[in-house]
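These notes are about the structure you will find just below.
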Amino acid sequence: MDALQPMEAPDRDVSDDGKSLLSDVIRLALADEIATGRLKPGTPLDEQQIGQRFGASRTPVREALRQLATTGMVEVRPRRGVVVATVTAERIMDMFETTAEMEAMCVRLATHRITPMERSRLQTMHESSAEMVRGGDLDAYDDFNRRFHEAIYQATHNQFMTEQAVGIRARLAAFRRTQLRHGDRLATSHAEHGAILGAMARGDGEEAARCMRAHMLNASCALTRYIQELDLP
């Protein structure tokens, strides 16, 4: 689309228990549309239009746009407001390749430094995610996926490496979420996590790194196929 148009808002809404902030709902919706090309580079993002679309005041809208700017998905231009940033397919593939190498390095180190408690927590998280896969719950799995990978970063016991991995992941978060929509990607991702954990349990850091690298590059391919299937003008 060339401009923000009314679309059905996500099923999630703001609730009194604080499970979902409206700024997060707005951010995720816009990020999905940018990642899939529904919102084209250069498209202006008008705060008032977004607010009307989501029934929100300017405060959560501005927070959502601020977070998107932090990840490089939108640009704040003087006297022109906020516009969708230009992120080419080549740029996205470069980002996936970079994060694949970073995460491979993390899991290789984590294999040899992970504590029994950390290993147990990872395994429990993985087993719990099976229910999300069976239910096709993308939102829950996306949140789990972030926590799973960040637990591996923490298991390196290298704070600088963890900070770098988290930073790179944040730049790619919307695209990593979007690729989960393709085909049976949830089930495939779950199986790939199992292979990573299996290699870690055997103490095979090189195999764990290989599995992680393949996991990330498979996600990149899934994203490409998903966008192609949308057949956007």
Side-chain angles (χ1 to χ4, degrees), residues 28 31 35 71 91-226:
L28 290 174
T71 62
R91 174 74 170 178
I92 295 170
M93 295 308 106
D94 286 348
M95 290 164 69
F96 266 103
E97 184 177 59
T98 300
T99 198
E101 293 303 319
M102 172 61 78
E103 299 219 5
M105 182 166 54
C106 285
V107 78
R108 182 188 298 110
L109 190 59
T111 296
H112 303 296
R113 293 186 175 181
I114 191 168
T115 68
M117 183 176 294
E118 288 170 333
R119 188 188 306 282
S120 177
R121 176 170 175 257
L122 269 174
Q123 187 62 40
T124 299
M125 290 171 66
H126 173 63
E127 292 170 359
S128 298
S129 70
E131 183 61 32
M132 304 170 196
V133 174
R134 286 191 290 270
D137 192 338
L138 184 142
D139 286 338
Y141 191 87
D142 178 52
D143 181 63
F144 148 77
N145 195 40
R146 174 187 58 79
R147 291 184 291 105
F148 179 85
H149 282 265
E150 290 183 357
I152 291 177
Y153 308 159
Q154 292 291 341
T156 65
H157 296 275
N158 182 316
Q159 188 59 36
F160 181 76
M161 184 179 292
T162 298
E163 291 168 359
Q164 300 309 304
V166 169
I168 292 174
R169 181 181 180 84
R171 296 293 299 270
L172 203 56
F175 302 101
R176 293 178 75 153
R177 172 185 169 83
T178 298
Q179 57 88 21
L180 294 172
R181 299 183 184 280
H182 181 264
D184 62 352
R185 183 61 195 155
L186 285 181
T188 304
S189 173
H190 182 264
E192 291 167 357
H193 285 166
I196 292 167
L197 290 179
M200 293 179 72
R202 295 190 298 275
D204 192 339
E206 291 303 321
E207 177 64 10
R210 187 195 68 77
C211 290
M212 179 64 82
R213 187 179 295 107
H215 175 57
M216 292 305 306
L217 296 180
N218 287 343
S220 173
C221 291
L223 174 65
T224 299
R225 290 193 295 269
Y226 177 71

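On a predicted model such as this, the values are computed, not experimentally measured, just so you know.
Residues in residues 207-226 take part in these salt bridge (Lys or Arg N to Asp or Glu O under 4.0 Å) pairs, two or more places apart or across chains: E101-R213, E207-R210.
Listed by chain and residue number, R146, R147 satisfy the side chain to side chain contact (heavy atoms under 4.5 Å, CB included) test with D143 (two or more places apart in sequence, or in another chain). Contacts of F96 classified as ring-ring contact (aromatic ring centres under 6.0 Å, His included), with partners at least two apart in sequence or in another chain: none. By the side-chain hydrogen bond (donor to acceptor under 3.5 Å, both in side chains) test, Q179 pairs with R185, sequence neighbours left out. With sequence neighbours excluded, the residues satisfying side-chain hydrogen bond (donor to acceptor under 3.5 Å, both in side chains) with Q123 are E127. With sequence neighbours excluded, the residues forming a side-chain hydrogen bond (donor to acceptor under 3.5 Å, both in side chains) with T115 are E118, listed by chain and number. Looking at residues two or more places apart in sequence or on another chain, you find a side chain to side chain contact (heavy atoms under 4.5 Å, CB included) between E206 and R108, D204. The salt bridge (Lys or Arg N to Asp or Glu O under 4.0 Å) search around R113 returns none, not counting sequence neighbours. With sequence neighbours left out, Q164 forms a side-chain hydrogen bond (donor to acceptor under 3.5 Å, both in side chains) with no residue at all. In this structure T224 satisfies the side chain to side chain contact (heavy atoms under 4.5 Å, CB included) test together with M93, Q228, sequence neighbours excluded. Among residues two or more places apart in sequence or in another chain, the ring-ring contact (aromatic ring centres under 6.0 Å, His included) test is passed with H190 by H126. Residues satisfying the side chain to side chain contact (heavy atoms under 4.5 Å, CB included) test with A140, not counting sequence neighbours, are M132, D137.
The line from NE2 of H215 to CD1 of I196 is 5.0 Å long, rounded to the nearest 0.5 Å. The CG atom of L122 lies 5.0 Å from the CD1 atom of I114; values are rounded to the nearest 0.5 Å. With values rounded to the nearest 0.5 angstrom, L197 atom CG is found 4.0 Å from F148 atom CZ. We find the CZ-OG1 distance between R169 and T162 to be 13.0 Å, quoted to the nearest 0.5 Å. Distance CG/L138 to CZ/R181: 5.0 Å, rounded to 0.5 Å. Rounding to the nearest 0.5 angstrom, the gap separating the CG atom in D94 from the CG atom in L172 is 11.0 Å.
By the neighbour-count criterion of 12 heavy atoms within 6.0 Å, atom CZ of R121 is sparsely surrounded, having that number or fewer from other residues, nucleotides or ligands. With a 6.0 Å radius and a threshold of 12 heavy atoms from other residues, nucleotides or ligands, E163 has its CD atom above the threshold.
The backbone N or O of G198 lies less than 3.5 Å from a partner atom in the side chain of R202, making a donor-acceptor pair. Remark: side-chain polar atoms of T124 are paired, donor with acceptor, to backbone N or O of S120 under 3.5 angstrom. In this structure, N218 contributes its side chain and A214 its backbone to a donor-acceptor pair below 3.5 Å.
Between H149 and H193, a ring centre-to-centre spacing shorter than 6.0 Å is recorded.
Across all their heavy atoms, S189 and Y141 have their closest contact at OG-OH, 2.8 Å. For the pair I152 and A110, the tightest heavy-atom approach, listed with the atom from each and the gap, is O-CB, 3.6 Å. The two residues A100 and L217 come nearest to each other via the heavy atoms CB-CD2, 4.2 Å. When all heavy atoms of A31 and A174 are compared, the closest pair comes out as CB-CB, 3.7 Å. Heavy atoms only, all atoms of each residue included: T156 and C106 are closest at CG2-O, 3.2 Å. Taking all atoms of both residues into account, the shortest heavy-atom contact from T111 to R119 is O-NH2, 4.3 Å.
At a threshold of 4.5 Å between non-hydrogen side-chain atoms, the residues E103 and Y153 count as touching. For the pair C211/E192, no side-chain contact is recorded, criterion being any heavy-atom separation below 4.5 Å from C-beta on. Between R177 and N145 the shortest side-chain heavy-atom distance does not fall below 4.5 Å.
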After noting the C-alpha distance and the side-chain angles of L223 and R176, does the key distance pass the side-chain contact (heavy atoms from CB on, under 4.5 Å) rule?
-> CA-CA 8 Å; L223 174 65; R176 293 178 75 153; over 6 Å; no
